[in-house]
2 protein chains.
Amino acid sequence: MESRCENCIIRQFNSLRAMSKEELKQVSDSKTVKTIKKGEPLFQEGDKLNGVYCVRNGVSKLSKLSSNGKDQIVKLASKGEVLGQRSVISEECTNLSAIAVDDMEVCFIPKESINNTLQKNPNFTMEVLRHMAHDLKEADDVIVNISQKTVKQRMAEAFLYLKNNFGEDEDGYLALTLSREDISNVVGTATESAIRIISEFKKKGLIVASGKKIGIKDERKLLELVEGF
Amino acid sequence: MESRCENCIIRQFNSLRAMSKEELKQVSDSKTVKTIKKGEPLFQEGDKLNGVYCVRNGVSKLSKLSSNGKDQIVKLASKGEVLGQRSVISEECTNLSAIAVDDMEVCFIPKESINNTLQKNPNFTMEVLRHMAHDLKEADDVIVNISQKTVKQRMAEAFLYLKNNFGEDEDGYLALTLSREDISNVVGTATESAIRIISEFKKKGLIVASGKKIGIKDERKLLELVEGF
DNA sequence: TCCCTAAACTGACATTTGTCATAGTATTCC
DNA sequence: GGAATACTATGACAAATGTCAGTTTAGGGA
């Protein structure tokens, strides 16, 4: 893949597209490319981040540990997403852990480059602001879903989310394969409950599963379930 | 209260403090002061907002209707907070309703003033960005709490939140009085469940209640409950 | 003041969800 | 290839929570 930020297509998907040629050059010169293996962390809850991570390949789960010892996955980030922005902007330790769900390739961009551009390029700042506004809206939706919907509804929604955001492979299975435990941590339920609901969905013909791979069979009915029928 | 934004103390608490004298003058000239009675809406979910609302007095609940017909309260906003920013920035319809919990006094600032300043004053943009980063972090915390804690724990947390954010009156009761239904909508549970837990807390001496007014009696035990003992 | 309505409350019950125990099934690593 | 380990699955049960139905209480007009 192209290693010069100026030519990197990835940035078309994130706030970096608002950077000028010179700014991108600076970012390009200061960035480092990192490879993270499945299961390894990009950063951990409480870490002080010295920069942001731009995802080139693979998927990362952003999660937070609850006092009951369970992780709650707040977001799944893939190609083009920038992680750690919030922490860098507010100059606080990060409140989330980022762990690779796949093997990943990311660019680490030191915070100086980001802060520098934030000060000089209002377009960039606005772009970051717009992204954050969007994330906040999504977070509100998650709050409402998680508090007002049943586990079954949230499971159905999770599968539809996975399809819409990560797509399907050639055999019609969800492209992103998560462990049952990760699924339960996205949905916010016990692993056993998640497994039981998967079994139920299989029996009812809503999904198919072969090993870890899950495929959506009856999207319409899943949608109806989410809406509460 | 002072009607010129330049002299308004309220703005010390929000992003408007990053505005210049001239910008504040423009805001002041274009703003309108509105009085909203208890129970009335500032705006409703799905509305297209033509500006933001700066709270001078009173409290507003920001809520979203779920498909099961219940409202989930996502945030309680009081003096100094600015509502509708996100919608104005992303130029989308608002995803939340804002309804007065108290009688309120707010300033409506047309979006032109805001957008104008966003374009010209990078400090202001950064300030808004920082606020939004903070809100996003809080939203993450809410997600984790609501999904990983029991209703009882969340109730305890809600009372502590009300004390810390809105304080107590001279008699030691929580300054912000919410109906049982509103409390249940903050916590994300059935009204009956909320009432039952309030009764239980009263019996156990964690809180006292006289009519709608609730007072915290044993903060330590409430905290322990939240942390899971 | 009294009524009337909305809110607060309580009980009984059904349902959902979590927990523990245990067994089967993949996967990895030597 | 085979043991060790992690993940998936299922049953049985307990606990938490929601729902429905009905009663009591409080507050705001006429």
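Letters A, B, ... are given to chains in the order of the sequence lines, protein chains preceding strands, and every chain is numbered from 1.
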Round to the nearest Å and state the distance from M155(A) atom CE to dG18(C) atom P.
11 Å
Cationic N near anionic O, under 4.0 Å, E192(A) to R196(A):
no
Taking only N and O in the side chain of S193(B), is any of them less than 4.0 Å away from OP1 or OP2 of dA16(D)?
no
Parallel, tilted or perpendicular: rings of Y161(A) and F166(A) (30°, 60°):
perpendicular
Rounding to an integer number of Å, can you tell me how far I146(B) CD1 sits from dT17(D) P?
12 Å
Just how far, in rounded Å, is C1' of dT27(C) from CD of E181(A)?
16 Å
Salt bridge or not for K204(B) and D218(B), using N-O below 4.0 Å?
no
Please state how far atom CZ in R180(B) lies from atom P in dG27(D), giving the value in whole angstrom units.
12 Å
Bend angle of the helix from dT1(C)-dA30(D) to dC30(C)-dG1(D) from five-pair axes at both ends, rounded to 10°?
40°
Salt bridge check: are K61(B) and D71(B) linked by an N-O gap of less than 4.0 Å?
no
Atom CD1 of I195(A) and atom C1' of dT25(C): how far apart are they, to the nearest Å?
12 Å
Given 3.5 Å as the limit, does a donor-acceptor pair link the side chain of D103(B) with the main chain of K38(B), or not?
yes
Ignoring backbone atoms, test whether R196(B) places a side-chain nitrogen or oxygen under 4.0 Å from the OP1 or OP2 oxygen of dT10(C).
no
Taking NZ, NE, NH1 and NH2 as the nitrogens, is one of them in K48(A) or E91(A) under 4.0 Å from a carboxylate oxygen of the other?
no
Distance below 4.0 Å between T191(B) side-chain N/O and dA8(C) OP1 or OP2
no
Does a nitrogen or oxygen in the side chain of K212(A) sit under 4.0 Å from OP1 or OP2 of dT8(D)?
yes
Judged by each residue's nearest nucleotide on DNA chain C, which is more toward the 5′ side, A209(B) or E192(A)?
A209(B)
Figure out the NZ/P separation between K202(A) and dT8(D), and round it to whole Å.
11 Å
Please pick, from dG18(C), dT19(D), dG18(D), the nucleotide with the shortest atom-to-atom distance to any side-chain atom of K70(B).
dT19(D)
Electrostatic pair D102(B)-K37(B), nearest N-O below 4.0 angstrom:
no
L178(A) atom CG is separated from dC7(D) atom C1', nearest whole Å, by 14 Å
Rounded to whole angstrom units, what separation is found between the CD1 atom of I214(A) and the P atom of dC7(D)?
16 Å
